[in-house]
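Worksheet: one structure, shown below.
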Amino acid sequence: MPHHALEILLTRPLAQAELRDAARTLPLAANHDATRLMTLVQAKTSHQAARRLRHRLRARLPIDVITTHYPDTDHQVLLNVVFPAAVHAHLKNEARRAHQSPERFVKLALHRALALHTDQETDRLDHAVRELLTHTTPAHLLSAVGHALTRLPERPMP
């Protein structure tokens, strides 16, 4: 049976004692501020692995989202999210009205939101480049962009 690399996003940072307690259940690797964890879970599918992980750790950790760390063969990443009862009921009703399963309804909504974000970001960058080009030549702008990309940022980029 294969192992699946899963990432756990937490609702808050863990105390060292909480991390040690959870790590007794299965091996966990934490990021620098203990808000994200990595682990391997043995299961036939990534869906089963995420369900198994949530079941094993839900009483020990403030789990927000579980994701597969690597995309599958269709280049998809699994998101395992547990919604509050009222939100879940609303999603089920909206999915039923759209003649879709709740999973498909959420998947398509996420795809639409990501596509909209991509379009907005493309438009924002296009506007910014056009604004920069009113004050310089394309060659100078390209040189400046190349220079900026080769330097390490002093702070994380948004």
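Numbering starts at 1 and runs along the sequence shown.
His47 contributes atom NE2, which lies 8.5 Å from atom OG1 of Thr68 (distance to the nearest 0.5 angstrom). Atom CG of Leu37 and atom CG of Leu14 lie 5.5 Å apart (nearest 0.5 Å). Residue Leu110 holds its CG atom at 9.0 Å from CZ of Arg112, rounded to the nearest 0.5 Å. To the nearest 0.5 Å, atom CD of residue Glu103 and atom CG of residue Leu91 are 10.0 Å apart. One finds the CZ atom of Arg52 at 6.5 Å from the CD atom of Gln48 (value rounded to the nearest 0.5 Å).
Using a 4.5 Å heavy-atom cutoff, the side chains of Gln120 and Leu116 are in contact. In this structure, Leu53 and Thr39 have side chains that are in contact, with non-hydrogen atoms separated by less than 4.5 Å.
Under the 4.5 Å side-chain heavy-atom criterion for ILVMFWY residues, a single connected hydrophobic cluster contains both Val87 and Leu79. Clustering ILVMFWY residues whenever any of their side-chain heavy atoms sit less than 4.5 angstrom apart, transitively, puts Leu142 in a cluster other than the one holding Leu133. The hydrophobic cluster containing Val82 does not contain Leu9, counting ILVMFWY residues as joined when their side-chain heavy atoms lie under 4.5 angstrom apart, directly or transitively. Under a hydrophobic-cluster definition in which Ile, Leu, Val, Met, Phe, Trp and Tyr are linked whenever side-chain heavy atoms come within less than 4.5 Å, directly or via other members, Leu6 and Val77 are assigned to different clusters. Taken together through direct or relayed side-chain contacts under 4.5 Å among Ile, Leu, Val, Met, Phe, Trp and Tyr, Ile66 and Leu19 form part of one hydrophobic cluster.
Remark: the backbone N or O of Gln76 is not paired with any side-chain donor or acceptor of Asp74 at under 3.5 angstrom. Checked by atom type and distance alone, the side chain of Glu121 never pairs as donor or acceptor with a backbone atom of His117 at under 3.5 Å. A donor-acceptor pair under 3.5 Å links the side-chain atoms of Thr118 to the main chain of Leu114, judged by distance alone.
Leu40 and Ala5 make their closest contact through CD2-CA, 3.6 Å (heavy atoms, listed as atom of the first residue, atom of the second, distance). In this structure, Pro102 and Lys92 approach most closely via the heavy-atom pair CG-CG, 3.8 Å. The two residues His69 and Glu7 come nearest to each other via the heavy atoms ND1-OE1, 3.7 Å. Residues His4 and Ser46 come closest through the heavy atom pair CE1-N, 3.5 Å. Between Ala34 and Leu10, the shortest heavy-atom distance links the atoms O-CD1, 3.5 Å. Pro13 approaches Glu18 most closely through the heavy-atom pair O-OE1, 4.4 Å.
For Asn80 and Arg54, the side-chain atoms include at least one donor-acceptor pair closer than 3.5 Å. For the residue pair Thr35 / Arg12, no side-chain donor-acceptor distance below 3.5 Å is found, with atom types taken as modelled. Side-chain contact annotation: His55 with Arg58, donor-acceptor N/O pair under 3.5 Å present. A side-chain N or O of His140 and one of Thr137 form a donor-acceptor pair less than 3.5 Å apart.
Legend: residues meeting salt bridge (charged side-chain N to carboxylate O under 4.0 Å, His left out) with Glu94, ordered by chain and number and at least two apart, are Arg97.
Around CZ of Arg104, the count of heavy atoms belonging to other residues, nucleotides or ligands within 6.0 Å does not exceed 12. Counting non-hydrogen atoms of neighbouring residues, nucleotides and ligands closer than 6.0 angstrom, the NE2 atom of His3 exceeds 12 such neighbours. Within 6.0 Å of atom NE2 in His135, more than 12 heavy atoms from other residues, nucleotides or ligands are found, so the atom counts as buried in its surroundings.
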